[in-house]
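Working notes, structure below.
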Amino acid sequence: MITSDRERSDRTVLVTGGSRGIGLAIAGALATAGYAVAITGRERDALDAAEQSLRQGGARVLTIQADVADRAACFAAVARSEEHTSELQ
């Protein structure tokens, strides 16, 4: 269990469907708790709007356009979030 601010600030959480609705709310709550977030979504416009909203709240965020119904896209999203994790720290 992660309990300290330092432990949270060193972590990035990948949130699928993070461009709207429940996924965006989860990404916002995680960002408020101190985590960096990588969010996925199918639509670039929705991702851009979510990124802007999260950044206004002080979030460290990476957006990844991906459809989680596509297995290869899921693996690519994980790889991309891992590649950029250090930039979010």
Side-chain angles (χ1 to χ4, degrees):
M1 180 181 203
I2 297 171
T3 57
S4 74
D5 290 342
R6 175 75 178 140
E7 287 175 307
R8 283 190 293 273
S9 68
D10 288 345
R11 307 285 178 146
T12 300
V13 180
L14 177 63
V15 180
T16 60
S19 63
R20 61 175 57 131
I22 294 170
L24 180 56
I26 291 169
L30 289 164
T32 298
Y35 294 95
V37 293
I39 61 171
T40 69
R42 292 177 296 188
E43 299 172 12
R44 174 50 50 197
D45 290 345
L47 282 167
D48 292 343
E51 178 181 24
Q52 181 179 13
S53 174
L54 290 166
R55 285 194 189 278
Q56 285 176 346
R60 295 165 295 140
V61 61
L62 170 69
T63 61
I64 304 167
Q65 189 171 3
D67 183 348
V68 296
D70 178 343
R71 181 179 171 95
C74 291
F75 284 109
V78 169
R80 182 151 183 244
S81 66
E82 288 174 339
E83 290 169 10
H84 293 276
T85 295
S86 64
E87 295 171 22
L88 295 171
Q89 304 309 323

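Note: hydrogens, waters and symmetry copies are ignored here, and every other heavy atom, side chains too, is used.
Here the side chains of Leu62 and Arg80 are in contact, with some heavy-atom distance below 4.5 Å. Looking only at side-chain heavy atoms (C-beta outward), Arg44 and Thr63 come within less than 4.5 Å of each other.
The closest donor-acceptor contact from the side chain of Thr32 to the backbone of Gly28 lies under 3.5 Å. Side-chain atoms of Thr40 come within 3.5 Å of backbone N or O of Gly17 as a donor-acceptor pair.
Taking CG of Leu14 as the reference point, atom OH of Tyr35 lies at 14.5 Å (rounded to 0.5 Å). Atom OG of residue Ser81 and atom CD1 of residue Ile39 lie 12.5 Å apart, to the nearest 0.5 angstrom. Note that the OG1 atom of Thr12 and the CD atom of Glu82 stand 10.0 Å from one another [nearest 0.5 Å].
Legend: side-chain hydrogen bond (donor to acceptor under 3.5 Å, both in side chains) pairs involving residues 14-23, not counting sequence neighbours, sorted by first then second residue: Arg20-Glu43.
Hydrophobic clustering (side-chain heavy atoms under 4.5 Å, transitive across Ile, Leu, Val, Met, Phe, Trp, Tyr) keeps Ile22 apart from Val68.
Nearest approach of Val37 to Ala31, heavy atoms of both residues: CG1-N, 4.2 Å. Minimum interatomic distance between Val61 and Glu51 (heavy atoms only, all atoms of both residues): CG1-CG, 3.6 Å.
Leu24 is linked by a side chain to side chain contact (heavy atoms under 4.5 Å, CB included) to Ala50, Leu54, counting only residues two or more places apart in sequence or in another chain.
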